[in-house]
A.B. asks: 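Got a structure here, written out as structure tokens. Questions coming.
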Amino acid sequence: MKLKVVKMILAVLVIILSVYTIFTTNIKALSYGNFFIGILLMVIGIEEFQKKRKGQSFLSIAAGLFALFASFQIFTSLS
């Protein structure tokens with residue numbers, strides 16, 4: 001139940017950041033959105049692991065780690 005609430009909050013946050021980025025073309029907000037997408041994918045992976053879907057959980061966690069890595073690369077290049 002807690003993961004479901006966290007997943008909903010992260011999804012709403014990503015949508016808000018994405019809409020903000022579209023209207024303002026703020027590149028820094030795009031990197032924050034990418035960061036939160038990575039965390040959202042990690043939460044989805046944990047949830048799938050608890051449901052005993054190991055293949056899907058591994059794929060979600062790997063995609064989340066890649067998104068987090070990409071967002072950190074963007075953070076370091078912008079500063």
Side-chain angles (χ1 to χ4, degrees):
M1 185 67 173
K2 291 179 186 178
L3 284 178
K4 208 174 208 181
V5 173
V6 171
K7 194 166 62 168
M8 289 296 274
I9 291 170
L10 285 170
V12 169
L13 187 62
V14 166
I15 290 170
I16 290 170
L17 281 171
S18 298
V19 169
Y20 176 76
T21 303
I22 288 171
F23 287 119
T24 63
T25 63
N26 185 356
I27 300 298
K28 195 145 191 136
L30 183 63
S31 62
Y32 285 117
N34 197 19
F35 175 75
F36 287 116
I37 286 174
I39 293 185
L40 177 62
L41 284 168
M42 298 287 285
V43 169
I44 290 170
I46 292 168
E47 192 176 53
E48 292 295 320
F49 186 77
Q50 289 177 347
K51 292 178 183 177
K52 306 288 189 227
R53 298 179 187 163
K54 297 198 189 233
Q56 291 175 347
S57 70
F58 174 73
L59 190 59
S60 293
I61 290 173
L65 287 172
F66 180 75
L68 287 173
F69 176 73
S71 68
F72 286 130
Q73 291 294 321
I74 295 170
F75 284 142
T76 58
S77 68
L78 288 177
S79 52

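Below, all heavy atoms of this structure are taken into account, side chains as well, without hydrogens, waters or symmetry copies.
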A.B. asks: Check step by step if side-chain contact (heavy atoms from CB on, under 4.5 Å) holds for Leu65 and Phe69.
C.D. replies: CA-CA 6 Å; Leu65 287 172; Phe69 176 73; over 6 Å; no
A.B. asks: Just verifying a value: how many Å separate Tyr32 OH and Ile37 CD1, rounded to the nearest 0.5 Å?
C.D. replies: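 One finds 15.0 Å between OH of Tyr32 and CD1 of Ile37.
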A.B. asks: Is it true that a side-chain atom of Ser31 and a backbone atom of Lys28 form a donor plus acceptor pair closer than 3.5 Å?
C.D. replies: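 Flag set: sc Ser31 to bb Lys28 pair under 3.5 Å.
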A.B. asks: If you measure from CE on Met8 to CG on Leu40, what distance do you get to the nearest 0.5 Å?
C.D. replies: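 One gets 11.0 Å once the value is rounded to the nearest 0.5 Å.
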A.B. asks: Given ring pair (Phe, Tyr, Trp, His ring centres under 6.0 Å), test Phe49 with Phe58 step by step and report yes or no.
C.D. replies: CA-CA 8 Å; Phe49 186 77; Phe58 174 73; over 10 Å; no
A.B. asks: Rounded to the nearest 0.5 Å, how far does CZ of Phe36 lie from CD1 of Ile16?
C.D. replies: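 CZ of Phe36 is found 11.0 Å from CD1 of Ile16.
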A.B. asks: Starting from Met42, can I reach Leu3 by hopping between I/L/V/M/F/W/Y residues whose side chains sit under 4.5 Å apart?
C.D. replies: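 In one cluster with Leu3: Met42, yes.
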A.B. asks: Are Phe35 and Ile9 connected in a single hydrophobic cluster, I mean Ile/Leu/Val/Met/Phe/Trp/Tyr linked by side-chain heavy atoms less than 4.5 Å apart?
C.D. replies: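 No; tracing contacts between hydrophobic side chains, which count when under 4.5 Å, never links both residues.
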A.B. asks: Could you tell me the separation between the CD1 atom of Ile61 and the NZ atom of Lys54, rounded to the nearest 0.5 Å?
C.D. replies: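 One finds 10.5 Å between CD1 of Ile61 and NZ of Lys54.
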A.B. asks: Say whether Tyr20 and Phe75 are linked into one hydrophobic cluster, either directly or through other cluster members, by side-chain heavy-atom distances under 4.5 angstrom.
C.D. replies: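 They do not share one cluster, since no chain of ILVMFWY contacts under 4.5 Å joins Tyr20 to Phe75.
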A.B. asks: Return the minimal non-hydrogen interatomic distance between Leu30 and Thr21, and the atom names on each side.
C.D. replies: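 Taking Leu30 first and Thr21 second, the nearest heavy atoms are N-OG1, 3.6 Å.
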A.B. asks: Give a yes or no on whether Ile15 and Val43 share a hydrophobic cluster (residues Ile, Leu, Val, Met, Phe, Trp, Tyr; joining criterion: side-chain heavy atoms under 4.5 Å apart).
C.D. replies: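 Ile15 and Val43: separate clusters.
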A.B. asks: Honestly curious: do Ile46 and Leu68 fall in one hydrophobic cluster under the side-chain, below-4.5 Å linking rule?
C.D. replies: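 Yes, because Ile46 and Leu68 connect within a single hydrophobic cluster, where side-chain heavy atoms sit under 4.5 Å apart.
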A.B. asks: Nearest 0.5 Å, please: how far is OG in Ser57 from CD in Glu47?
C.D. replies: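 If we round to the nearest 0.5 Å, Glu47:CD and Ser57:OG are 11.5 Å apart.
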